[in-house]
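Just the heavy atoms: all of them, side chains too, but no hydrogens, waters or symmetry mates, feed the values below. Counting from 1, the numbers follow the sequence of the chain as shown. Quick caveat: nothing in here was measured; it's all calculated off a predicted structure.
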Amino acid sequence: MSDTETKRLVKTRPKIERPRLHKVILINDDFTPRDFVVTVLKGEFRLSEDQAYRVMITAHRRGACVVAVFPKDVAETKAARATDAGRAQGYPLRFETEPEE
């Protein structure tokens with residue numbers, strides 16, 4: 001036998017953590033027209049007519065509804081843009097974000 005030692009190279013890979021996801025939540029109000037809410041949901045969140053209608057009705061009946069789940073920066077941007085669309089038309093339409101559990 002020879003006197004040479006062999007060592008195994010161990011490669012360590014850094015563990016990459018997935019970004020924490022945030023929910024975008026539609027808050028119901030009694031003033032924004034339903035058709036406008038559906039239009040905003042279709043435009044900003046790329047929902048179909050049927051999906052947008054279901055989200056709007058759920059928010060209307062329960063007071064709030066989760067629209068979609070995104071990484072934090074995307075969720076905050078979409079919520080702000082959708083809220084701003086309502087404000088631009090004079091409606092109190094409101095979207096909020098919160099961390100997903």
If you measure from [atom1] on [X] to [atom2] on [Y], what distance do you get to the nearest 0.5 Å?
X: Lys78; Y: Arg46; atom1: NZ; atom2: CZ; value: 6.5 Å
X: Thr83; Y: Leu26; atom1: OG1; atom2: CG; value: 9.0 Å
X: Leu47; Y: Met56; atom1: CG; atom2: CE; value: 12.0 Å

Side chain Lys72, main chain Arg20, donor-acceptor under 3.5 Å: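 Answer holds: no.
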Ile27-Val66 co-clustered via ILVMFWY side chain contacts under 4.5 Å: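 Yes; Val66 is reachable from Ile27 via cluster members.
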Cluster link Val74 to Leu41, ILVMFWY, side chain under 4.5 Å: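 Same cluster: Val74 reaches Leu41 through Ile, Leu, Val, Met, Phe, Trp or Tyr contacts under 4.5 Å.
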Taking all non-hydrogen atoms of both residues into account, name the closest pair between [X] and [Y] and its distance.
X: Ala82; Y: Phe45; answer: CB-CE1, 4.0 Å
X: Ala59; Y: Cys65; answer: N-CB, 3.7 Å
X: Ala85; Y: Phe36; answer: O-CZ, 3.5 Å
X: Ala79; Y: Val24; answer: CB-CG1, 4.2 Å
X: Pro71; Y: Leu21; answer: N-CD2, 3.7 Å

Intermediate values then yes/no, side-chain contact (heavy atoms from CB on, under 4.5 Å), Arg34 and Ile57: CA-CA 8 Å; Arg34 292 178 178 189; Ile57 285 297; 3.8 Å; yes
Note: Arg87-Asp84 ion pair, threshold 4.0 Å (strictly below):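 Yes, this pair counts.
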Glu98, Glu76, Glu101, Glu100 screened by salt bridge (Lys or Arg N to Asp or Glu O under 4.0 Å) with Lys23, the one that passes: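 That would be Glu98; it is the only one of Glu98, Glu76, Glu101, Glu100 passing the salt bridge (Lys or Arg N to Asp or Glu O under 4.0 Å) with Lys23.
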Identified side chain to side chain contact (heavy atoms under 4.5 Å, CB included) counterpart of Val67 within the set Ile25, Val55, Thr97: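 That would be Val55.
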Candidates Asp30, Asp35, Asn28, Asp29 - the one meeting side-chain hydrogen bond (donor to acceptor under 3.5 Å, both in side chains) with Thr32: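 Among the candidates, only Asp29 passes.
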More than 12 heavy atoms of other groups within 6.0 Å of Tyr53 OH: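 Check fails, neighbour count at 12 or below.
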